[in-house]
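First the proteins, then the strands, lettered A, B, ... as listed; each starts at 1. Everything quoted here is computed from the prediction, not taken from an experiment.
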Protein chains: 2
Amino acid sequence: MTVNSNELQVKGCKVTPQRRLILDILSNAESHVLTAEEIVNQARAIQPNISASTIYRNLGTLTELGLLKRLDSMGEGWRYEINSGHHHHLVCLKCHNAVSIDFCPMSREVKELAEQSGFEVADHSFEIRGYCINCRVGDKKGEGAQDLVGDER
Amino acid sequence: MTVNSNELQVKGCKVTPQRRLILDILSNAESHVLTAEEIVNQARAIQPNISASTIYRNLGTLTELGLLKRLDSMGEGWRYEINSGHHHHLVCLKCHNAVSIDFCPMSREVKELAEQSGFEVADHSFEIRGYCINCRVGDKKGEGAQDLVGDER
DNA sequence: GTACTTGCAAAGATTTTGCAAGTAT
DNA sequence: ATACTTGCAAAATCTTTGCAAGTAC
């Protein structure tokens, strides 16, 4: 999943190296969903004097434009991913990898069930947490092979 | 759902007025899931000189003891509720009321689907967001009948 | 050339921590 | 009596904002 610069222009926003960098980091993260902090760190590994506020501002901007999607994060602030449509995730509790799944629990039956009480359904979230195949191999509690840290590009 | 003082003692922790207050607020909230800030505010309405740090500390402690459950909150910090077993919520985007639902998307099929990739399922979350029947009546965007504010006991 | 962006530094907001005083058991 | 808790104030985080300088178009 890559976002090219055209998509930025089409949205009526200027293509700056900082914005490209953010989008590239998230694109390369592929199966990752990164926190703002992680994006700042990875961006600094490439462009050391990029400002954190620039990144925070752009994460907001790009999310509003619909290029990024914000997920909540069990209390660790927001996590961001390239917006590639509606889907849910398997999230590894050790390495924080997030891989998309096709299954969506919001069937017509479930929606109707919710609506029985007069509730108007607007949105939903679903997330499965556990341990990915890589992290199951080692010790689940260990701090071993955290693949989020490091340069990642 | 009420937590009596015995449960605190059984967990090997002292029964202080502050802890009772926190549990009472959350018990009375019934269908509410409150943020730390809301709990602080409600607590202060009753015991004005209670310290916010006491509440933060106790929310942590009570969660570790399993008396409370922490939910994440689309970026607004944690929300807390009395731990009354596994269930999911319909959350109103206007008044933030959270009502429990019985339906759980984690069927055996879904679990197996997740496990096909070698993922070990540990946990999951599911939340339906929208507008509760009370809030549908009025203007959804208005700030009108926020029933979280106020003294609530 | 001009409006939008950036970096910096400072301000905000929220949560955590150290420590002496207070309290439940 | 004593170990656990509290309140206070200070620190630590994380995120936002104001503004002058810089940049994409």
Side-chain angles (χ1 to χ4, degrees), chain A residues 3-25 34-65 67-68 70-80 96 148, chain B residues 3-25 34-65 67-68 70-80 96 148:
Chain A
V3 175
N4 64 43
S5 298
N6 272 353
E7 298 185 55
L8 272 174
Q9 284 180 307
V10 165
K11 297 283 182 179
C13 104
K14 295 189 174 169
V15 181
T16 64
Q18 291 85 348
R19 285 179 181 153
R20 274 255 47 90
L21 185 52
I22 291 170
L23 291 171
D24 288 344
I25 286 171
L34 304 178
T35 64
E37 198 192 354
E38 286 162 353
I39 295 167
V40 170
N41 290 339
Q42 293 195 23
R44 287 211 163 126
I46 297 163
Q47 194 187 130
N49 60 338
I50 192 171
S51 167
S53 61
T54 297
I55 292 177
Y56 279 106
R57 259 184 304 223
N58 280 324
L59 289 174
T61 306
L62 296 172
T63 301
E64 278 166 34
L65 293 176
L67 291 174
L68 300 184
R70 251 179 178 159
L71 309 167
D72 64 355
S73 174
M74 295 310 287
E76 296 149 33
W78 297 105
R79 293 173 301 172
Y80 294 84
H96 301 108
L148 275 182
Chain B
V3 175
N4 63 44
S5 298
N6 273 353
E7 297 187 56
L8 273 174
Q9 283 180 308
V10 165
K11 297 283 185 180
C13 105
K14 296 191 175 167
V15 181
T16 64
Q18 290 85 349
R19 285 181 182 152
R20 274 254 48 90
L21 185 53
I22 291 171
L23 292 171
D24 288 344
I25 286 170
L34 303 178
T35 64
E37 196 192 356
E38 287 162 353
I39 296 167
V40 170
N41 291 338
Q42 294 195 23
R44 288 212 161 125
I46 298 165
Q47 192 187 131
N49 59 339
I50 193 171
S51 168
S53 61
T54 297
I55 293 177
Y56 278 107
R57 259 185 303 222
N58 280 324
L59 288 173
T61 305
L62 296 173
T63 301
E64 279 167 31
L65 293 176
L67 291 173
L68 299 184
R70 250 179 181 160
L71 309 166
D72 64 356
S73 175
M74 295 311 284
E76 295 151 32
W78 297 106
R79 295 173 300 173
Y80 294 85
H96 301 108
L148 276 181

Q | B:Leu59 to B:Leu68 - nearest heavy-atom pair and separation | A | CD2-CD1, 3.7 Å
Q) Is any side-chain nitrogen or oxygen of B:Arg57 closer than 4.0 Å to OP1 or OP2 of C:dT17? A) no
Q) Does B:Thr16 make a side-chain donor-acceptor contact with the base of D:dC4, cut-off 3.5 Å? A) no
Q: Take atom CZ of A:Arg79 and atom P of D:dT15, then tell me their distance rounded to the nearest Å.
A: 14 Å
Q) Quick one: which of C:dT14, C:dT5, D:dT5 gets closest to the side chain of A:Cys13? A) C:dT5
Q) Are any of A:Asn49's side-chain N or O atoms less than 4.0 Å away from OP1 or OP2 of C:dC8? A) no
Q. If you check the B:Asn58 side chain, which of C:dT16, C:dT25, D:dT6 turns out closest?
A. D:dT6
Q: Kindly say if A:Gln47 contacts the phosphate of C:dT6, meaning a side-chain N or O under 4.0 Å from OP1 or OP2.
A: no
Q: Look at the side-chain N and O atoms of B:Thr54 and state whether any lies under 4.0 Å from the OP1 or OP2 oxygen of D:dT5.
A: no
(Q) What's the closest nucleotide to the side chain of B:Lys14 if the choices are D:dA3, C:dT15, D:dT6? (A) D:dA3
Q: For the pair A:Arg19 (side chain) and A:Lys14 (backbone), establish whether a donor and an acceptor sit closer than 3.5 Å, ignoring hydrogens and angles.
A: yes
Q | Distance below 4.0 Å between B:Gln9 side-chain N/O and C:dA24 OP1 or OP2 | A | no
Q) If you pin B:Glu37 and A:Ser51 to their nearest nucleotides in DNA chain C, which one's is more 5'? A) A:Ser51
Q. Which heavy-atom pair separates A:Leu71 from A:Trp78 by the least distance, and what is that distance?
A. O-CE3, 3.5 Å
Q | Under 4.0 angstrom between B:Tyr56 side-chain N/O and C:dT16 OP1 or OP2 | A | no
**Q.** Per B:Ile50 side chain, nearest of listed nucleotides D:dG7, C:dA9, D:dC19
**A.** D:dG7
